[in-house]
Amino acid sequence: MTSAPTDFITRLKTINGHSHVLTTPDETLRFRKGFRFGLGDVLAVVSPGSLIELWRTTKACVENGKIIIMQAANTGLTGGSTPDGSTYDRDIVIISTLRMRTIHVIENGQQVVCLPGSTLDQLENRLTPLGREPHSVIGSSCIGASVFGGVSNNSGGALIQRGPAYTEMALFGRVDENGELKLVNHLGIDLGDDPEEILQRVEAGNYPAGTIHHTAAQGHDGGYITHIRDVDADTPARFNADTRRLFEGAGCAGKVILFAVRLDTFPADRKTAVFYIGTNDTNQLENIRRHILKEFPELPVSGEYLHRDAFDIAEKYGKDTFLAIRLLGTRRLPKLFALKSKFDVFCEKLGFLPSFMSDRLMQAASNLFPKHLSPRMYEFRERYEHHLILKVGENLIDQTRSWLQSWAGDLAGDYFECSPDEASRAMLHRFAAAGAAIRYRAIHQSTTEDIVAIDVALRRNDQAWFETLPDDIENDIVAKLYYGHFFCHVMHQDYVVRKGIDCLDLEHRMLKLLDKRGARYPAEHNFGHLYQAPDEVLAHYRSLDPCNCLNPGIGQATKTKNWKAESV
């Protein structure tokens with residue numbers, strides 16, 4: 001039986017404390033509005049401080065017929081951890097996991113057990129003294145992205161050797177066909193039978209000798225290294241609808257309640273080198289990609305592509321992000337984003353200030369600083385349209401240097417080997433491109449409608465990888481940003497749309513072109529509420545959440561209870 005909202009809210013406050021249950025629209029706005037996309041109504045936002053509080057909160061929601069949307073850092077780009085409008089048939093409770101940030105290092109540092117609020121940046125800092133690294137390093141980690149977000153959404157990361165975030169070892173809550181919440185322990189750690197005892201032991205790191213099974217299951221996608229080398233395959237290297245990498249919590253998109261995940265870590269490279277490559281011929285970059293993947297004995301660390309237009313827009317509109325990371329480090333950036341969100345809410349309440357006030361102030365401040373990239377990067381920007389930032393480990397440095405020397409020439413292109421400072425600036429500049437379109441739109445509201453952001457996985461054998469748009473689409477676009485993880489053929493394509501153009505219609509026209517090319521989308525940001533999930537993915541969601549009470553509507557599926565068809 002469903003309780004009255006006041007009784008239900010009182011129960012949530014009893015479990016979590018009054019200050020950790022938010023109910024007013026102003027208080028909940030920064031949780032129910034997505035980083036780039038998504039906005040909807042909620043009954044409450046709850047921030048449990050322990051796994052037991054999370055368990056009890058989840059039980060209360062299930063017993064009272066509420067929809068649950070799990071949310072960590074709210075840095076997703078497709079609205080997958082926020083509501084989508086107000087067309088739900090039940091009240092929504094967002095559960096924010098940011099207070100549960102514990103990480104336990106196990107197996108002599110070769111694995112970790114992470115709790116729901118742990119972030120990639122936090123994990124990276126924890127592993128650095130051990131000479132180890134997590135699945136993903138600089139990238140989304142800079143804005144506070146969570147470990148669970150990567151696992152839940154099959155996020156790929158920039159590191160060529162590691163593939164999508166993946167694990168078969170998780171502790172999660174599942175709402176079964178009868179509407180009952182069950183705790184499932186597939187961590188590969190013996191923790192007892194009582195749910196609250198299990199959760200308490202996991203949080204405390206109480207894993208006595210003999211309780212951890214060393215070969216319980218996979219903690220990462222171990223076959224990806226072989227998979228990506230097959231450059232003649234007619235399918236993409238990685239994409240969200242790849243059913244080979246949908247397993248319980250992995251790729252769950254919030255359709256289970258994750259309490260803990262067990263992941264592999266990786267040896268950190270003792271020495272690396274970064275080569276900055278420029279060319280005006282896309283075939284030349286593809287030749288580099290194919291040769292290295294097929295012929296080199298080891299894979300590079302990363303290979304990041306950046307088009308000249310993206311270079312320019314990121315240089316101007318991503319400058320403050322670049323400077324913030326350089327001057328403050330990644331640890332402080334999540335707090336800055338949180339403060340930015342709160343400031344925007346305050347400005348919106350005042351009513352008389354222009355929208356995107358924080359973006360306007362940050363852009364003005366960034367213009368006061370001198371040029372922030374290396375002279376050689378600016379030189380390559382003038383000479384070349386296409387840029388590749390290639391990072392290799394110690395064993396490949398000499399071979400890469402020698403091969404690039406033989407490759408470079410007037411017709412092919414050129415390269416330079418970065419100093420440590422140049423390497424840092426190049427990598428940060430590539431990262432800054434990911435948010436530059438958002439800033440561009442905020443500053444140019446009078447001429448822009450919105451952003452169409454497409455996250456696409458191209459076929460591994462697609463040698464004509466660079467996009468050429470027909471005039472009827474090109475004329476509707478103000479600016480294009482092409483950047484991505486080149487060796488995986490995963491491209492991020494951001495389009496700033498001209499004022500007055502129907503963005504949804506434009507996106508559909510673009511997706512049809514990608515369908516003809518055999519591409520798959522999304523590649524690593526998951527379906528959210530922007531993309532339609534294929535039948536095999538929806539079947540995965542239904543098997544995890546037969547009552548459709550966890551993040552309903554994801555992948556543009558029905559939002560109704562028990563997956564009933566929505567009325568027309």
To the nearest 0.5 Å, tell me how far [X] [atom1] sits from [Y] [atom2].
{"X": "R289", "Y": "L388", "atom1": "CZ", "atom2": "CG", "result": "11.0 Å"}
{"X": "N526", "Y": "N240", "atom1": "CG", "atom2": "CG", "result": "4.5 Å"}
{"X": "L263", "Y": "T167", "atom1": "CG", "atom2": "OG1", "result": "5.0 Å"}
{"X": "H540", "Y": "C252", "atom1": "NE2", "atom2": "SG", "result": "7.0 Å"}
{"X": "T272", "Y": "N395", "atom1": "OG1", "atom2": "CG", "result": "12.0 Å"}

Nearest atoms (heavy-atom pairs only) where [X] meets [Y]:
{"X": "A165", "Y": "V151", "result": "CB-N, 4.0 Å"}
{"X": "A250", "Y": "N154", "result": "C-ND2, 4.2 Å"}
{"X": "F296", "Y": "T400", "result": "CE2-OG1, 3.4 Å"}
{"X": "K391", "Y": "V274", "result": "CG-CG2, 3.8 Å"}

Geometric class of the Y531/F527 ring pair [parallel <30°, tilted 30-60°, perpendicular >60°]: perpendicular
Plane angle bin for H485 and H492 - parallel if under 30°, tilted between 30 and 60°, otherwise perpendicular: perpendicular
Qualifying residues under salt bridge (Lys or Arg N to Asp or Glu O under 4.0 Å), relative to D535, sequence neighbours excluded: none
Using a 4.5 Å cut-off on heavy atoms from C-beta on, say whether the side chain of [Y] contacts that of [X].
{"X": "I292", "Y": "V392", "value": "no"}
{"X": "I198", "Y": "L171", "value": "yes"}
{"X": "L98", "Y": "S47", "value": "no"}
{"X": "V261", "Y": "F172", "value": "no"}
{"X": "H135", "Y": "H220", "value": "no"}
{"X": "R262", "Y": "I189", "value": "yes"}
{"X": "D41", "Y": "Y88", "value": "no"}
{"X": "V202", "Y": "F259", "value": "no"}

Pair E107-H214, side-chain hydrogen bond (donor to acceptor under 3.5 Å, both in side chains): steps then yes or no: CA-CA 8 Å; E107 302 288 76; H214 303 297; 2.8 Å; yes
Steps toward side-chain hydrogen bond (donor to acceptor under 3.5 Å, both in side chains) verdict (Q556, H529): CA-CA 6 Å; Q556 298 185 359; H529 294 287; over 6 Å; no
Salt bridge K559-D84, side-chain N to carboxylate O under 4.0 Å: yes
Side-chain ion pair, E248 and R174, N-O less than 4.0 Å: no
Do any N or O atoms from the side chain of [X] and from the backbone of [Y] form a donor-acceptor pair under 3.5 angstrom?
{"X": "E203", "Y": "L51", "value": "yes"}
{"X": "R162", "Y": "P134", "value": "yes"}
{"X": "S118", "Y": "V147", "value": "no"}
{"X": "N64", "Y": "K66", "value": "no"}
{"X": "S96", "Y": "V46", "value": "no"}
{"X": "D234", "Y": "R459", "value": "no"}

Residues Y541, N548; criterion side-chain hydrogen bond (donor to acceptor under 3.5 Å, both in side chains); working and verdict: CA-CA 9 Å; Y541 293 163; N548 204 24; over 6 Å; no
Flag yes if more than 12 heavy atoms outside [X] fall under 6.0 Å of its [atom1] atom; otherwise flag no.
{"X": "N108", "atom1": "CG", "value": "no"}
{"X": "N178", "atom1": "CG", "value": "yes"}
{"X": "K13", "atom1": "NZ", "value": "yes"}
{"X": "E394", "atom1": "CD", "value": "yes"}
{"X": "Q161", "atom1": "CD", "value": "yes"}

Criterion side chain to side chain contact (heavy atoms under 4.5 Å, CB included) on M427 and S302, from CA distance to verdict: CA-CA 10 Å; M427 291 295 187; S302 63; 3.8 Å; yes
Residue pair M169, H186: steps toward the side chain to side chain contact (heavy atoms under 4.5 Å, CB included) verdict: CA-CA 5 Å; M169 296 175 286; H186 287 168; over 6 Å; no
Evaluation steps, side chain to side chain contact (heavy atoms under 4.5 Å, CB included), between E196 and R56: CA-CA 9 Å; E196 294 203 357; R56 293 173 180 173; 2.9 Å; yes
L39 and R32: CA distance, side-chain angles, deciding distance, side chain to side chain contact (heavy atoms under 4.5 Å, CB included) verdict: CA-CA 6 Å; L39 177 65; R32 57 191 178 85; 3.9 Å; yes
side-chain hydrogen bond (donor to acceptor under 3.5 Å, both in side chains) assessment of H20 paired with E53: CA-CA 11 Å; H20 299 300; E53 288 181 5; over 6 Å; no
Donor-acceptor pair between Y521 and D515 side chains, under 3.5 angstrom: yes
